[in-house]
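Worth knowing before you read on, the calculation uses all heavy atoms, side chains too, and leaves out hydrogens, waters and symmetry mates. Worth saying up front: this structure is predicted, and the values here are computed from it rather than measured.
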Amino acid sequence: FEAKGIKDDRLYVTGAPHFDYLQSFECDESHIRTELGIPAEHDIVMLASQPFDDTVRRKLVYAAIKSVNKLRNVSLILRPHPREDLALHLNAAECESNVVVSPEASIHDLLTLSDVLLSVRSTVILESCLLETPVLLLTFTEEGTNPFYSTNNGFPEIDDIKNLSPRIKS
């Protein structure tokens, strides 16, 4: 948070011991790329979705796919929440050679591998920050925003789908 410009007098260590190990977390990125079938020359975007209603989930998944498909040499990992039904993700990725659905891989491996995380509201955003993976908040759905995850706290928001591709590449 300090790196994002949040003054240290606004930060309080409250603890989440299960995240302590992330400061020294390492993964075998080459092995994970191979497992997922992602070419070495591709940048990686990951969408960490949430168990919202199907309309919101569909909007997020298809916006991510459409936006990534506009970019060269970019692969998309769809990471469903453990409580989500996989059918939407699997159906959306079915005909997309650059999209992988990965419900089983370690979320921390995937975050380390990713060049940017797309998400709405999730603890995964905090984990991404700890692993120094940039985050884009998707605020263009009916789920809206959360005051904690906002531009005021250093998180860039995408409130219009048409702005997603340019922000991914920047």
Side-chain angles (χ1 to χ4, degrees), residues 1-7 10-11 36 38-39 41-103 105 107-170:
F1 287 103
E2 289 172 340
K4 298 259 185 201
I6 305 301
K7 298 202 184 301
R10 292 185 56 207
L11 301 175
L36 297 175
I38 297 174
E41 68 276 7
H42 277 210
D43 291 331
I44 299 174
V45 174
M46 181 170 76
L47 171 67
S49 56
Q50 293 290 310
F52 299 131
D53 71 55
D54 284 353
T55 303
V56 171
R57 292 172 56 235
R58 188 173 294 106
K59 190 172 189 176
L60 292 168
V61 167
Y62 283 98
I65 291 172
K66 182 179 177 181
S67 297
V68 165
N69 281 344
K70 293 178 182 177
L71 305 170
R72 286 191 71 214
N73 294 329
V74 178
S75 288
L76 174 66
I77 298 172
L78 297 176
R79 175 52 183 242
H81 187 279
R83 290 192 315 258
E84 279 186 274
D85 175 17
L86 297 180
L88 171 67
H89 297 76
L90 294 171
N91 290 337
E94 190 173 33
C95 298
E96 306 290 342
S97 63
N98 63 329
V99 179
V100 177
V101 179
S102 183
I107 189 70
H108 301 133
D109 283 344
L110 296 177
L111 287 169
T112 302
L113 185 66
S114 298
D115 295 290
V116 66
L117 169 69
L118 310 177
S119 192
V120 178
R121 301 188 301 253
S122 174
T123 308
V124 156
I125 294 169
L126 296 176
E127 294 166 89
S128 186
C129 291
L130 291 170
L131 292 167
E132 299 182 6
T133 301
V135 175
L136 292 175
L137 291 176
L138 306 180
T139 60
F140 53 76
T141 70
E142 295 75 15
E143 290 301 318
T145 60
N146 176 307
F148 182 75
Y149 302 117
S150 71
T151 54
N152 293 336
N153 286 330
F155 296 103
E157 295 180 10
I158 305 298
D159 59 4
D160 189 329
I161 294 171
K162 71 178 182 230
N163 297 328
L164 186 52
S165 286
R167 287 304 299 271
I168 289 171
K169 242 353 198 183
S170 64

Counting C-beta onward and ignoring hydrogens, is there a side-chain heavy-atom pair between [X] and [Y] closer than 4.5 Å?
X: His42; Y: Val74; answer: no
X: Val68; Y: Leu47; answer: no
X: Lys66; Y: Leu164; answer: no
X: Val61; Y: Leu78; answer: yes
X: Lys59; Y: Ile161; answer: yes
X: Leu137; Y: Val135; answer: yes

Minimal non-hydrogen separation, [X] against [Y], with atom names:
X: Thr133; Y: Ser114; value: CG2-O, 3.5 Å
X: Ile38; Y: Ser75; value: CG2-OG, 3.7 Å
X: Ser49; Y: Pro80; value: OG-CA, 3.5 Å

- Message: Using a 6.0 Å cut-off, check whether atom CD of Glu41 has over 12 heavy atoms from anything other than its own residue.
- Response: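 Check passes, neighbour count above 12.
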Output the distance between atom [atom1] ([X]) and atom [atom2] ([Y]), rounded to the nearest 0.5 Å.
X: Ser102; Y: Leu110; atom1: OG; atom2: CG; result: 4.5 Å
X: Ser119; Y: Met46; atom1: OG; atom2: CE; result: 8.0 Å
X: Leu117; Y: Ile125; atom1: CG; atom2: CD1; result: 6.5 Å
X: Thr55; Y: Leu60; atom1: OG1; atom2: CG; result: 11.0 Å
X: Glu84; Y: Phe52; atom1: CD; atom2: CZ; result: 8.5 Å
X: Leu118; Y: Ser67; atom1: CG; atom2: OG; result: 8.0 Å

Check: [Y] main-chain N/O paired with [X] side-chain donor or acceptor under 3.5 Å:
X: Thr139; Y: Ile158; result: yes
X: Arg57; Y: Asp85; result: yes
X: Arg79; Y: Leu111; result: no
X: Thr112; Y: His108; result: yes
X: Asp115; Y: Ile44; result: yes
X: Asn98; Y: Asn69; result: no

- Decide yes or no on side-chain contact (heavy atoms from CB on, under 4.5 Å) for Leu36 and Leu113, but give the supporting numbers first. CA-CA 11 Å; Leu36 297 175; Leu113 185 66; 4.2 Å; yes
- Task: Carefully, step by step, assess Asn91 and Arg58 under the rule side-chain contact (heavy atoms from CB on, under 4.5 Å).
- Result: CA-CA 11 Å; Asn91 290 337; Arg58 188 173 294 106; over 6 Å; no
